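The model shown is predicted, which means the values in this text are computed figures rather than measured ones. Each chain gets a letter, A, B and so on, in the order the sequences are listed, and its residues count up from 1.
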Amino acid sequence: MITEIIKDSLRKKLKELGIDALPDQISLERPANRDHGDWSSNIALVTAKSAGRQARSLAEEIVNSLTVSLPDGIVEVTAAGPGFINFRTSAEISYGILLEVLRTESNYGSSEMGLGKRVNVEFVSANPTGPLHAGHARGACYGDAIGNLLEYVGYDVHREFYMNDRGIQMIAFGRSLEARKNNVPLPEDGYGGEYVNAWAEEMPESLSLEEVITWGCEFAKRDQQDTLSQLGIHFDTWFSEKSMIDNGEISDVLEDLIKSGMAYEKDGATWLSSIEFGDDKDRVLIKSDGEYTYLAPDVAYHRNKFERSDWLINVWGADHHGYIARMKAAMQALGYDSDELTVQITQLVKLLRAGEEVKLSKRQGDIIELRSIIEEIGADATRFMYLLQSVDSKQTFDLELAASQAMDNPVYYVQMAYARLCSVERNAMEHGFEFQTLQIDELGLLIHQREMEIIRGLEILPETIELAARELAPHKIVTWVRDFANSVHGFHHDCYVVGDGVSKELTNARLNLVVASRRGLKVGLDLLGVTAPNKM
RNA sequence: GCCCUCGUAGCUCAGGGGAUAGAGCAUUGGCCUCCGGAGCCAUGUGCGCAGGUUCGAAUCCUGCCGAGGGCGCCA
């Protein structure tokens, strides 16, 4: 790796100058401005003070010394600004990137960062009492995308959906179905959504309440699966809460907690000593009426997951952030490392339609089903729009814009770039050209600013993927994809692949860029779960 | 009252210790012999406020202001 070569050379020079730099002090970054070179080191700035030197002059001394015999792959070293050391890499490095993309075909930028680690990503986990709605969409798209990212960097990813298929909400749901079926008024805490009517009609006659609940749960699950599969989201496991009652896991975990003194009885209820592990207060596990709170099954569930995973990721909505502390406390109480439970909170999304806010109130008949969003804007736009921004930020987007086939729709912009590359390739083939992998002595043909931009974009893709995976931030892939699509359009505009004034050799050289770009863009879109259309 | 997230251009958002803070849209003005004009190029404006840490702060810390969410023997 070129970065290792640069770091080694810096380390050596510092040693010659009698400056001890800690290994992690030597880091390289990409200069924001391309004119500053390909890699930049701030080591002179970092060490100047302790070395009793002026940063700029220290940088210059290092640069002068390095220039005497340049490290492999480096063609220029300069000192700049307050004391940066900038490196410009050789054409061979660029060529290597191009070759790498062409060679790896569909897994460019993948890595073994997470090799051997089993990560369980739990997301959506909507109650099986109705269809998925707009509020579930962000977590669904996000959870699946981080699953993709983690897989790409080598983790053994398990996607999981937790079904709260027992408890009072299921009884209320079952009674609502019964009421609709029999045309009697809904119970007070009933589910009033229009879908309950439709579902009740599908329901077989004369079922017991228990059978109604089982039927309704199964129906809801299939409905949710259907919607998710429209988005290309598939779970490895649909985990039933009820199953942990049946097989005793919940009672086991409670027993273990009591035995180890992490839970106790008070006022007729059973409490988790969560304060001991950083929570604000102790939490009830079993109510005084003998019923479990939501927490008891959740604790059992998380233990179950820990027993088959090395790392747990939960994707929760903003309204659940208050539960993080108690869940982590519970895991510590059970002897797990709470750092191996990562809870990602997604902030709310406000939907607009033609500039008007679409209300998400849960009032009767007033939910927006996720299915209808997909119908309105398409699966690709749904995924892309929901992944557009960091989940830490509240998000606003306009359905009308997302559905439009206009240039201000980022989904179209990016997919268009891909389709264009395919089109150019087809055009070249129709003109009788055959793709041949670029030879290194032909690299000099690619000198246009646009061509450099393409190579630069491909170069930073692997590090972008790694960062996005590390930070569980798929929106960084979206940003890359948008930037790269921009480069592609510019390249297409300024650099004709096939044309009167273009030599045969240049056509082939540019064709290499086209194919590499197409693959790079495909990698990005695949990670997001957005299709890459050959034509539009 | 306490906890979490956020506050960056007219709008939607990137950037989350580094150099001149970016993109799209909107505005205004250019660009079609030819691979898809569903495009490209140019154009003005901005880090909520106040302290602090640092060679260097939009970024880290503290306080304040503002927005949203959360603080149940509800799920």
Side-chain angles (χ1 to χ4, degrees), chain A residues 29 31-33 35-36 40 42 44-46 48-49 54-56 80-84 86 127 129 164 166-170 172 189 241 266-271 280-281 283-295 297-298 317-325 345-348 350 352 355 385 388-398 401 404-410 412-413 415-417 419-428 430-431 450 471 475-476 478-480 482-483 486 488-502 507 510-511 514 535-536:
Chain A
E29 61 187 58
N33 186 340
D35 296 338
H36 290 136
S40 179
N42 62 358
L45 290 159
V46 174
K49 199 173 186 182
Q54 215 185 3
R56 175 73 195 214
F84 290 102
N86 295 329
N127 281 344
T129 54
N164 298 101
R166 60 159 287 280
I168 56 168
Q169 89 281 356
M170 291 310 293
D189 56 352
E241 175 186 359
K266 192 183 85 177
D267 304 333
T270 303
W271 299 70
D280 296 339
K281 45 186 95 164
R283 307 287 173 176
V284 172
L285 291 161
I286 306 175
K287 297 188 272 180
S288 48
D289 66 3
E291 262 293 322
Y292 295 139
T293 62
Y294 75 92
L295 183 61
D298 257 17
D319 54 340
H320 282 72
H321 102 264
Y323 308 123
I324 299 173
I345 295 297
T346 64
Q347 297 296 320
L348 293 180
K350 183 162 46 164
L352 307 177
M385 295 308 286
L388 207 51
Q389 273 121 41
S390 159
V391 288
D392 289 338
S393 299
K394 282 173 288 181
Q395 187 186 12
T396 305
F397 75 83
D398 196 307
L401 176 103
S404 75
Q405 306 198 358
M407 59 186 180
D408 54 351
N409 180 349
Y412 259 75
Y413 186 81
Q415 290 188 315
M416 180 60 200
R420 244 186 178 164
L421 290 166
C422 295
S423 167
V424 169
E425 212 177 320
R426 280 194 299 272
N427 183 263
E430 280 162 19
H431 281 77
R450 299 295 202 180
E471 297 185 359
H475 76 276
K476 288 180 191 290
V478 177
T479 302
W480 180 86
R482 296 177 76 180
D483 286 348
N486 187 9
V488 166
H489 286 305
F491 166 74
H492 171 268
H493 187 264
D494 291 346
C495 303
Y496 278 81
V497 174
V498 177
D500 293 346
V502 184
T507 291
R510 286 179 171 168
L511 209 46
V514 168
K535 54 174 68 173
M536 293 175 73

A/His489 on top of B/rG39's base, within under 5.5 Å and under 30°? no

May I ask you to verify whether the side chain of A/His321 and the base of B/rG69 hold a donor-acceptor pair under 3.5 Å? yes

Side chain of A/Thr293, base of B/rA75: donor and acceptor closer than 3.5 Å? no

Looking across every strand, which nucleic acid part, if any, lies under 4.0 Å from A/Leu348 by heavy atom: base, sugar-phosphate, or nothing? sugar-phosphate

Do the side chain of A/Lys394 and the base of B/rA67 come within less than 3.5 angstrom through a donor-acceptor pair of N or O atoms? yes

A/Asp494 CG to B/rC41 P, in whole Å, measures 7 Å

Starting from P on B/rA19, measure out to CZ on A/Arg56 and report it in whole angstrom. 15 Å

Using a cut-off of 4.0 Å on non-hydrogen atoms, how would the nucleic acid contact of A/Glu291 be classed: base, sugar-phosphate, or nothing? nothing

Looking at the side chain of A/Gln389, which of B/rC73, B/rU12, B/rC40 is the nearest nucleotide? B/rU12

Distance, rounded to the nearest Å, where A/His475 contributes NE2 and B/rG24 contributes P: 18 Å

Taking only N and O in the side chain of A/Lys281, is any of them less than 4.0 Å away from OP1 or OP2 of B/rG72? yes

Taking only the side-chain heavy atoms of A/Pro31 (C-beta and beyond), determine which of B/rG15, B/rU20, B/rA19 contains the nearest atom. B/rA19

Under 6.0 Å from the CD atom of A/Gln54, do we count more than 12 heavy atoms belonging to anything else shown? no

Taking the side chain as every heavy atom from C-beta outward, state whether A/His431 and A/Asn427 have any pair of such atoms under 4.5 Å apart. yes

Report the nucleotide, chosen from B/rG24, B/rA19, B/rA14, that has the shortest atom-to-atom distance to any side-chain atom of A/Asn486. B/rG24

Quick one: label A/Asp267 by what it contacts on the DNA or RNA (base, sugar-phosphate, nothing), any heavy atom closer than 4.0 Å. base

I want to check something: taking the side chain as every heavy atom from C-beta on, are A/Lys287 and A/Thr293 in contact at a cut-off of under 4.5 Å? yes

Measure from the side-chain heavy atoms of A/Arg283 and tell me the nearest of B/rG18, B/rG72, B/rG15. B/rG72

Nearest-neighbour nucleotide for the A/Arg482 side chain, B/rC6, B/rA14, B/rG24 considered: B/rG24

Tell me: CG of A/Asp280 to C1' of B/rG1, nearest whole Å? 12 Å

Taking the nucleotide of RNA chain B with the closest heavy atom to each, which residue, A/Asp483 or A/Asn427, is nearer the 5' end? A/Asp483

Check whether any side-chain heavy atom of A/Val284 sits under 4.5 Å from a side-chain heavy atom of A/Thr270, and report yes or no. no

Side chain A/Asp319 and base B/rA75 donor-acceptor under 3.5 Å: no

Is the phosphate of B/rG69 approached by A/Thr346 (side-chain N or O, under 4.0 Å from OP1 or OP2)? no

State, yes or no, whether a side-chain contact exists between A/Gln347 and A/Ser393 at a heavy-atom distance under 4.5 Å. no

Please tell me if A/Tyr413 has a side-chain N or O lying less than 4.0 Å from either OP1 or OP2 of B/rA23. no

Please classify the nucleic acid contact of A/Ser390 as base, sugar-phosphate, or nothing, using heavy-atom distances under 4.0 Å. sugar-phosphate

Options B/rG18, B/rC74, B/rC73, nucleotide nearest the side-chain atoms of A/Val46: B/rG18

Can you tell me how far P of B/rC13 sits from CG of A/Leu401, to the nearest Å? 12 Å

Which part of the nucleic acid does A/His431 contact within heavy-atom distance under 4.0 Å: base, sugar-phosphate only, or nothing? nothing

Interatomic distance, A/Asn33 CG vs B/rA21 P [rounded to whole Å]: 11 Å

Side-chain heavy-atom pair A/Leu45, A/Pro82 within 4.5 angstrom cut-off: yes

Determine the interatomic distance between C1' on B/rG7 and the same-named atom on B/rG16; round to the nearest Å. 14 Å

Is A/Ala80 touching bases, backbone alone, or none of the nucleic acid, heavy atoms closer than 4.0 Å? base

Stacked pair A/Tyr496-B/rC34, distance under 5.5 Å, angle under 30°: yes

Can you figure out which of B/rG18, B/rC40, B/rA14 approaches the side chain of A/Phe84 most closely? B/rG18

Using a heavy-atom cut-off of 4.0 Å across all strands, would you classify A/Asn86 as base, sugar-phosphate, or nothing? base

Mind checking if A/Ala55 touches a base, just sugar-phosphate, or nothing, with heavy atoms under 4.0 Å? nothing

Minimum heavy-atom separation for A/His492 to A/Val424, with atom names? CD2-CG2, 3.7 Å

Selection from B/rA14, B/rG37, B/rG69 that lies nearest to any side-chain heavy atom of A/Ala318: B/rG69

Report yes if at least one side-chain N or O of A/Thr396 is closer than 4.0 Å to OP1 or OP2 of B/rC13; otherwise report no. yes

Taking only side-chain nitrogens and oxygens of A/Arg420, does any of them come within less than 4.0 Å of OP1 or OP2 of B/rG37? yes

Is any NZ, NE, NH1 or NH2 atom of the basic residue among A/Glu291 and A/Arg166 found under 4.0 Å from an Asp or Glu carboxylate oxygen of the other? yes

Check the phosphate of B/rG56 against A/Lys49, side-chain N and O only, distance under 4.0 Å to OP1 or OP2. Yes or no? no

Are A/Lys350 and B/rC6 close enough that a side-chain N or O sits under 4.0 Å from OP1 or OP2? no

Mind checking if A/Cys422 touches a base, just sugar-phosphate, or nothing, with heavy atoms under 4.0 Å? nothing

Any chance you could encode RNA chain B as dot-bracket? Rule is Watson-Crick or G-U wobble with both distances under 3.5 Å; [ ] for pairs crossing earlier ones, | for another strand. (((((((..((((....[...))))..((((.......)))).....(((((..]....))))))))))))....

Do A/Tyr412 side-chain and B/rC25 base share a donor-acceptor contact under 3.5 Å? no

B/rC32 glycosidic conformation (syn if within 90° of 0, otherwise anti) is syn

A side-chain contact here means heavy atoms from C-beta on lying under 4.5 Å apart; do A/Leu388 and A/His475 qualify? no

For A/Lys266 and for A/Glu471, find the nucleotide of RNA chain B with the closest heavy atom, then tell me which residue's nucleotide is more 5'. A/Glu471

I want to check one thing: is the phosphate of B/rC41, taken as OP1 and OP2, less than 4.0 Å away from some side-chain N or O of A/Arg450? yes

When you compare the side chain of A/Phe491 with that of A/Val514, does any pair of heavy atoms fall below 4.5 Å? yes

Verify the distance criterion only: is there a donor paired with an acceptor across the side chains of A/Tyr294 and A/Asn164 at less than 3.5 Å? no

The nucleotide from B/rG15, B/rC73, B/rA75 with an atom nearest the side chain of A/Trp271 is B/rC73

For A/Tyr294 and B/rC74, are the ring centres under 5.5 Å apart with planes inclined under 30°? no

With heavy-atom distances below 4.5 Å as the criterion, would you say the side chains of A/Phe397 and A/Gln389 are in contact? no

What is the distance, rounded to the nearest whole Å, between atom CD1 of A/Ile324 and atom C1' of B/rC71? 13 Å

Under 4.0 Å, counting only non-hydrogen atoms across every strand here, what does A/Ser393 touch: a base, just sugar-phosphate, or nothing? sugar-phosphate

Side-chain contact check for A/Tyr323: nearest option of B/rC35, B/rC71, B/rA14 is B/rC71

